[in-house]
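The next block holds one structure in the form of structure tokens; read it before the comments.
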Amino acid sequence: MKQFKAKIIFNKKIALHHHVLAFRTPKGAKKVNPGQFFNVKVGGSYDPLLRRPFGAHKIAGSKIEILYKVVGKATKILSERKPDEMLDVLGPLGNGFDIKSLLSSGSSSVALIAGGHGVAPLYALAKNLKTFGLKISVFIGASSKKYVVCDGDFKKLGLKVHVATEDGSKGHKGLVTDLLKSGCSICACGPKPMLKAVAKLSGKYKTYCQVSMEEYLGCGTGICMGCAIKTCSGNKLVCKDGPVFNAKEIIW
Amino acid sequence: MVNKSKMKKLNVKIGKMVLRNPVTALSGTFGYAEEMKDFVDISRLGAIVTKSVTLNPRNGNPTPRIVETPSGMLNSIGLENKGLKDFIQNKIPFLEKLRTNVVVSIAGFSIQEFEKLTERLSEYNCVSAIELNLSCPNVIHGKKTTAKRLIAQDEVAVNKVVSRVRKKTKLTIITKLTPNVTDIKKIAKAAENAGSDAISLINTIFGISVDAYSRKANLANTVGGLSGPAIKPVALYFVHQAYQAVKIPIIGSGGIMSAEDAIEFMLCGATAVGLGTANFINPAVATNVIDGIMHYAKTNRIKNINNLIGRIITD
């Protein structure tokens with residue numbers, strides 16, 4: 001079953017606007033791959049009406065953590081939900097990062113590039129990639145220090161973390177793409193302009209690059225067709241064909 | 001063994017189709033059924049209506065083409081689909097396996113296209129009915145400057161399309177109508193007089209969503225179609241109006257989320273009901289609504305669900 005009621009294990013604030021919520025997938029549920037997402041009904045009312053998608057941030061067997069930023073009505077309601085309350089969850093949905101292709105891309109090092117809370121699925125990915133002995137470096141970009149989250153978690157995994165902020169309040173002053181060097185494969189998650197810049201760089205360096213795309217989702221299951229993006233092989237749906245795509249396929 | 005004499009009669013008739021219960025899934029909210037098979041037992045539904053098929057493939061409108069609004073959502077998908085050829089090759093095989101009525105929604109850009117689509121689709125045994133989508137709010141027919149943008153806003157055009165299609169098929173014809181009109185009675189009658197077996201309403205209501213700070217329209221296309229619980233009272237009004245104008249059955253829809261909503265539509269005159277936006281939020285909603293209707297019939301001693309149609313008490 002892809003639709004289930006999940007008991008909230010914990011739901012806590014980890015930064016000024018960021019929260020982490022944990023729940024368990026039911027027995028017999030499919031294994032969750034980094035980059036896949038859960039579509040969550042945050043409350044019981046008709047407003048907000050639609051579900052909200054959250055990438056798996058930490059995956060420990062059936063225990064899933066999602067990292068979210070409070071940006072509007074729905075995430076505000078989610079942030080107020082208490083442990084032991086039930087959540088209506090659909091998932092895991094979509095296709096996550098393609099680890100096989102990443103491993104066969106030829107590069108022994110990979111750069112994980114996050115814009116803001118784009119770190120969410122990249123943490124799960126980093127943990128997974130570590131088991132394959134790849135050299136992993138993490139790049140986090142944000143507008144300001146207060147929006148840089150999870151850098152400590154990556155460091156605890158023993159990974160080198162590079163930070164860039166637009167206002168210079170932490171790390172390099174400027175864009176995260178300023179920090180990238182040639183030679184490694186890339187997995188990126190963040191706002192579209194950042195992904196576009198990353199894809200352009202990977203084209204320049206001729207390196208393998210996967211991006212987790214962001215679009216408004218109506219249903220998350222591939223039926224409303226709201227989240228279409230243009231690719232070399234016609235329109236694709238972010239929710240069903242993605243959210244992770246080979247950057248080369250996307251027509252920016 | 002279930003004692004059949006105690007079972008409540010839930011089946012309803014739409015044209016030549018017998019629906020095992022009044023619950024259908026609406027076009028554009030259930031894919032081509034295959035996408036839904038992991039989420040819901042499709043065979044329990046009275047009928048499913050496919051995403052609209054056009055003669056040629058369409059990419060649809062630019063994104064963002066979905067935006068949430070209070071208790072509703074706007075869409076401007078623009079009839080994205082892979083066209084008739086792909087539908088026949090890749091969608092029909094799954095639809096042939098379904099044990100429920102399959103209604104294929106079609107959208108043409110000329111009367112000839114409607115005719116051609118109908119002729120080709122009528123060749124397939126798994127197709128129980130053709131739904132004429134005369135009311136997609138995101139595709140403009142004729143010149144942008146003309147006031148009547150949708151076929152279903154013009155009773156003469158409705159009559160023309162329906163009567164021409166009528167000559168091409170023996171299958172049940174359902175005409176999908178728009179609420180973006182002044183007098184739904186006239187339009188509904190035009191469909192009936194032209195030989196439509198049923199009408200389905202309402203399609204979405206024109207709407208706009210704007211960001212006060214960026215001053216930008218939230219949809220790339222600016223205008224979209226509003227759906228969801230926000231439109232239910234409007235939809236009930238239109239069904240109630242149409243019911244007074246025509247004798248053919250009405251498939252009522254607009255914001256149905258629960259069995260109670262479905263019953264309300266039947267009381268206003270609907271013979272069957274369509275679930276739309278609700279499928280996006282809960283892909284198994286149809287089974288909940290069907291179970292709820294069964295429970296309602298049992299607890300309210302409704303022997304035959306058809307006895308509810310049009311029985312709203314207004315005095």
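Here is the naming used below: chain letters follow the sequence lines, and residue numbers restart at 1 for every chain.
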### Message
I'd like to know if the side chain of B:D41 pairs up with that of B:S43 as donor and acceptor (distance under 3.5 Å, no hydrogens or angles considered).
### Response
yes
Among residues 26-33 of chain B, those lying within the under-4.5 Å heavy-atom range of chain A are B:G28, B:T29, B:F30, B:G31
Check this for me: does any side-chain nitrogen of one of B:E264 and B:K232 sit under 4.0 Å from a carboxylate oxygen of the other? yes
Point to revise | Any donor-acceptor N/O pair, B:N221 side chain to B:S76 backbone, under 3.5 Å | key: no
Quiz item: Do B:S52 and B:S105 have a side chain donor and acceptor closer than 3.5 Å?
Solution: yes
One option among A:P48, A:C227, A:G234 has the most heavy-atom pairs under 4.5 Å with chain B, and it is A:P48
Whatever's closer than 4.5 Å to a heavy atom in chain B on A:K73 counts as neither
Honestly, the part of A:I229 sitting under 4.5 Å from a heavy atom of chain B is neither
Answer key: most heavy-atom pairs under 4.5 Å with chain B among A:D88, A:N39, A:L217, A:L90 is A:L90
- prompt: Ring centres of A:H117 and A:Y68 under 6.0 Å apart?
  reply: no
Bottom line for B:K51: the part with an atom under 4.5 Å from chain A's heavy atoms is side chain
Hey, are A:Q3 and B:N282 close enough side-chain-wise for a donor-acceptor pair under 3.5 Å? yes
Subject >> Pair A:D167 + A:K146: basic N to acidic O under 4.0 Å >> reply: no
So, the side chain of B:N218 versus the backbone of B:V67: is there a donor-acceptor pair under 3.5 Å, distance only?
no
